[in-house]
Amino acid sequence: MAQQFGKGCHLHLIDGSAFIFRAYHALPPLTRKSDGLPVGAVSGFVNMLQRYIEGNTGPDAATHVAVIFDKGSHTFRNDMYDQYKANREAMPEDLRPQMPLTRDATRAFNIACEEIEGFEADDIIATLAHQARDAGGRVTIVSSDKDLMQLVGGGVEMLDPMKNKRIDNDGVREKFGVGPERVVDVQALAGDSVDNVPGAPGIGIKTAALLINEYGDLESLLDRATEIKQPKRRLTLIDNRSQIELSKKLVQLDCDMELPFDLDSLEVRDPDPETLLGFLALMEFRTIVKRVADKLGAEAPVIETAPQAAEVAAPEAVPFDADSYECVSDEAALQVWIDRIYERGYVAVDTETTGLNEMIVDLVGVSLCVEAGQACYIPLAHKAAASDDLFGSDDVAEGQMDFDRCLAMLKPVLEDTSIIKIGQNMKYDSKIFKRLDITVAPIDDTMLMSYAMNAGVHNHGMDVLSDRYLGHTPIPIKPLLGTGKSAITFDRVPVADAVKYAAEDADITLRLWQQFKPQLHAKRVTTVYETLERPLVPVLAQMEMHGVKVDRDTLSRMSNAFAQKMAGLEHEIHEMAGRKFNVGSPKQLGEIMFDEMGLEMPDGKKPSKGKTGAYSTGADVLEDLATIHDLPRRILDWRQLSKLKSTYTDALQEHINTDTGRVHTSYSIAGANTGRLASTDPNLQNIPVRSEEGRRIREAFVAEPGKVLVSLDYSQIELRILAHVAGIDALKQAFSDGVDIHAMTASEMFDVPLDEMTPDIRRQAKAINFGVIYGISGFGLARNLRIPRAEAQGFIDRYFERFPGIRKYMDDTVAFAKDHGYVQTLFGRKINTPEINAKGPHAGFAKRAAINAPIQGTAADVIRRAMIRMPAAISDLPAKMLLQVHDELIFEVDEGSADALIDTARDIMENASDPAVKLDVKLSVDAGQGANWAEAH
DNA sequence: ACGCTCACG
DNA sequence: GACGTACGTGAGCGTA
């Protein structure tokens, strides 16, 4: 019955991945009504297949057909070139579980569905096209991907499914300026930013076609490159020969794969109505079911009208009931939950642990939720209560299933790529599981969803979200654990209480997810969430777990030295004050200086007081007073040492993990409104550097023997972004010329030629440049530069005169914020500005914050993008990314590979905005290396 | 718990 | 016209 493929046959090859991505991006994030499973891409995919089938008649109709998919992200091209497709954004999290469903859909239509691990769909398509052509048949490739155009000719054509336009030899020539047989030559020269094929710098398709047509083919062109008349082109081709040859290999499709199936098996088959309608009904595609049923002349299956997921999530629909949660204590019960998870395709997960430090604490239990109101808690390491002992016993509580057995059962679920694991702050839970050898993926995070939508409106902790969006106040943890000295850890909480608390967290998380998921799209932040928030979670988890080595002895020695110096200073201070007092108390110090000693401010003003009525004794005040008395200078010195000792040399030692000998910070992704990260426990983003004494703290941050620390930081990234967003040509030019940007500003403002620049004039211009980024004010600049306010205002006026675009940017930004209630970064991150229309002093703050947010936020987005791409880019190097300090990344790498790392990481960082945003100003990255952070910076 | 001070970008 | 201000963070300490 199978027809032998040959003359008269017509093979259609459908580029499945292209279908899926087009479907995903074209449609709103449709979810299955009964349970909220994301199925938007599946729906679009099915529609496209259905439309294709309906159109498959007439002279171009297929006798054989297959849908071809990509499989696996690592292909033989990555072995040739590790940067291949390195710019590719990660697959959106809600698309991932739809991938297997699109395969199911293809089979349901009874169409051959093929994919091979380690090969791109394009290679399979190429091989099949060649086989079919050699057998004397026709081929139509259903795709508009230009990478496939090299296959056209000899009976092979392409069909753009959107425009319904066939592409033949002439079509290819129109696109590439050469025939199909020379397409790879042109691509090798022009490169491809989407796939990150390098090509020849500065040569695009037009120039490439011109050259190929003149010299015949790429090889002749490269051999005779010296004959090219234009000097720039000639040099580019000679200098980049190997890169161009590599590019050709990358774009050349493999037409000779060994395939585990033959053409005959691809014969067109009618779908089985029951199978097809069954699948469509399972997906709850009501409209398509009807249409397909009509077409096939079959009865449409009934799809029960389930309540909307959003309605389910509404508090009045399913009330919270702590008593309804199940305590899972044996394998059979757990298996029931696992089965339910597989039925759903998603699960909310929460872990309970013995503390907050993910690197130290132990897992105590796991809670799961698959449907609003239906959650369970699996206690695993609770201790039994002991009546005679205040601290409980060390015996394990009864009614808990075996720890290892439970994890063995959960591991496949948590690692299953078709099951979404939903959490609130999933970085925490991922790290707990990672220490138990479980890699949780794919994930969704309600905290980050809220952050993407509501940054600037409120915090994103579970309590706030539950109150605000579910109208429900979660059970507080305090009464369970107690406070202060008598506080217990969660493993001491009685299992019955723990079930109520823990399962509720999973329940809340699931309800939040059901509410947030569709809102992401409505609020136009899906891309932000998918490209800047969600993929950062595993990257940060890795960095935090790796930690940075800190040398305790170095800190300890410094601490002793500081203590000695402080004691000396303290003695002098008490002598000067005439009595002993607590030097660390601003209140006492203020009274001593202003009341007892009668010091007066040099500017004649009254000493200022804070809102508690105490004198202000900040560094600026003491700095002024230092001109009339020796005591304030001593205080300043003492304070500096006190800060260094308590916050750094002492506290940092407490953070060295006894197992790893390293310090493991934690980054909050949703802390800063602008998109910046924040580092806590300890904060490694404010390690001293500005003072010589403080900088030495960085000597304690060291590399392992045989390794070095490497630091790469963006040079002037915020000013570069300002130049771009405000469109300031003079600034852009200065950056492209590589001149000193502050000196240039000074020269422009004060009419001083660059070669006559003095450090002081430059310093003033620098302050103005920073001021501009912060939403400049005369008062602020005056205070910063310690000059009269009128003079500062004069500087600002002059600055705006010279750079009128900056004032326009500021005005436009504030106007936008007033109109919309938010401002945006270049990558679409929204920072809400709820106070922008407020009256009174709030208004000033809100205005300046609104001006600053797009600049600071865009810089934050850029480095996030670099960080997300970094692990794959450096995976072949003996290197680890350790820390981020806003515009700086710190790595630890084998000594011999430091230079290679710098090359790779710099490339990723400088091009991090590609391809989403094309900056007018090049980003530039400085690098350093050394045995410790002080040397590397 | 809150304000002050100061470390960073 | 006065108000009170540079933008974004986190930690340690003193004070209430």
Side-chain angles (χ1 to χ4, degrees), chain A residues 455-456 483 581-590 608-623 635-636 638-652 654-655 665-668 671-691 693-695 697-698 713-719 722 767-785 789 792 796 810 823 831 839-857 859-860 863 883-888 937:
Chain A
T483 50
F581 71 101
N582 185 349
V583 182
S585 162
K587 183 164 174 280
Q588 292 178 36
L589 174 68
S608 65
K609 294 189 176 185
K611 60 172 107 176
T612 54
Y615 291 113
S616 168
T617 67
D620 49 347
V621 173
L622 296 182
E623 203 67 56
I635 300 282
L636 284 168
W638 184 91
R639 278 196 184 159
Q640 190 196 6
L641 293 170
S642 164
K643 179 80 176 180
L644 293 177
K645 182 169 184 300
S646 65
T647 309
Y648 299 105
T649 55
D650 290 350
L652 215 40
E654 304 299 310
H655 283 283
T665 184
S666 178
Y667 290 99
S668 39
N673 290 338
T674 53
R676 272 198 180 177
L677 302 179
S679 161
T680 62
D681 308 304
N683 181 355
L684 295 186
Q685 290 180 323
N686 71 346
I687 302 301
V689 68
R690 290 173 189 169
S691 77
E693 202 134 38
R695 184 156 54 235
I697 305 268
R698 295 186 172 217
D713 67 291
Y714 285 107
S715 158
Q716 307 288 4
I717 186 168
E718 293 193 353
L719 277 177
L722 175 69
I768 296 168
N769 276 333
F770 279 108
V772 164
I773 292 173
Y774 298 151
I776 200 159
S777 76
F779 181 93
L781 184 64
R783 205 174 63 163
N784 191 282
L785 286 177
R789 190 167 163 179
I796 294 170
M810 292 181 153
V823 291
I831 297 110
K839 295 273 176 283
H842 288 307
F845 281 114
K847 246 166 107 167
R848 290 191 296 272
I851 290 167
N852 174 257
I855 302 167
Q856 186 180 115
I863 198 165
L883 300 174
Q884 188 246 42
V885 191
H886 308 306
D887 64 357
E888 174 187 16
H937 187 77

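Throughout, protein chains are lettered first and strands after them, A, B, ... in sequence-line order, and every chain is numbered starting at 1.
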Sugar-phosphate, base or nothing in reach of A:Ala619, heavy atoms under 4.0 Å: sugar-phosphate
C1' gap between C:dC3 and B:dA7, integer Å: 30 Å
Nearest heavy atoms of A:Arg698 and A:Pro688, plus distance in Å: NE-O, 2.8 Å
Spacing of the P atoms in B:dC8 and C:dG4 (rounded, Å): 30 Å
Whole angstrom value for the distance that separates P of B:dG3 from CG of A:Leu589: 20 Å
Sugar-phosphate only, base, or nothing, as touched by A:Ile773 at under 4.0 Å among non-hydrogen atoms: nothing
Residues forming a ring-ring contact (aromatic ring centres under 6.0 Å, His included) with A:Phe581, sequence neighbours excluded: A:His574
Sugar-phosphate, base or nothing in reach of A:Glu718, heavy atoms under 4.0 Å: nothing
Spacing between A:His655 atom NE2 and C:dG10 atom C1', to the nearest angstrom: 11 Å
Sugar-phosphate only, base, or nothing, as touched by A:Ser642 at under 4.0 Å among non-hydrogen atoms: nothing
Note: A:Arg639-A:Glu623 ion pair, threshold 4.0 Å (strictly below): no
Watson-Crick or G-U wobble mate for C:dT5, both contacts under 3.5 Å: none
C:dC7 OP1/OP2 closer than 4.0 Å to side-chain N/O of A:Arg848: yes
Polar contact flag, side-chain donor to acceptor under 3.5 angstrom, A:His886-A:Gln856: no
Span that lies between the C1' atom of C:dA6 and that of B:dC2, in whole angstrom: 24 Å
Contact under 4.0 Å: A:Ser679 side-chain N or O vs C:dT9 OP1/OP2: no
Touch class at under 4.0 angstrom, heavy-atom based, for A:Arg789 against every strand present: base
Selected nucleotide, minimal atom distance to A:Gln856 side chain, candidates C:dG12, C:dG8, B:dC4: C:dG8
Sugar-phosphate, base or nothing in reach of A:Gly610, heavy atoms under 4.0 Å: sugar-phosphate
A:His842 NE2 to C:dG4 P, straight-line distance once rounded to whole Å: 12 Å
Nearest-Å distance for atom pair CD/C1', residues A:Glu693 and B:dC8: 18 Å
Listed nucleotide nearest any side-chain atom of A:Ala651, set C:dT5, C:dG8, C:dG12: C:dG12
Rounded distance in Å - CZ (A:Arg639) to P (C:dG14): 12 Å
A:Ala672, nearest nucleotide to its side chain (from C:dT9, B:dC4, B:dG9): C:dT9
A:Thr647 side-chain proximity, nearest of C:dA11, C:dA6, B:dT5: C:dA11
Base-pairing assignment for B:dC6 (Watson-Crick or G-U wobble, both under 3.5 Å): C:dG10
Sugar-phosphate only, base, or nothing, as touched by A:Gly775 at under 4.0 Å among non-hydrogen atoms: nothing
Sugar-phosphate only, base, or nothing, as touched by A:Arg690 at under 4.0 Å among non-hydrogen atoms: base
Complementary nucleotide of C:dA16, counting Watson-Crick and G-U pairs under 3.5 Å: none
Touch class at under 4.0 angstrom, heavy-atom based, for A:Ala767 against every strand present: base
Integer-rounded Å distance: B:dC8 C1' and A:Ile717 CD1: 17 Å
Residue A:Tyr774, side-chain atoms from C-beta onward, closest of B:dG9, C:dA11, B:dT5: B:dG9
A:Ser666/A:Thr680 under side-chain hydrogen bond (donor to acceptor under 3.5 Å, both in side chains): CA gap, chis, key distance, verdict: CA-CA 5 Å; A:Ser666 178; A:Thr680 62; 4.5 Å; no
Rounded distance in Å - CG (A:Asp887) to C1' (C:dG8): 13 Å
A:Ser585 vs C:dT15: side-chain N/O to OP1/OP2 distance below 4.0 Å: yes
Sugar-phosphate only, base, or nothing, as touched by A:Tyr648 at under 4.0 Å among non-hydrogen atoms: sugar-phosphate
Interatomic distance, A:Phe581 CZ vs C:dC13 P [rounded to whole Å]: 18 Å
Distance, P atom - from B:dC6 to C:dA2, rounded to whole angstrom: 31 Å
Minimum-distance nucleotide (side-chain atoms of A:Thr612 versus C:dT15, B:dT5, B:dG3): B:dG3
Sugar-phosphate, base or nothing in reach of A:Asp713, heavy atoms under 4.0 Å: nothing
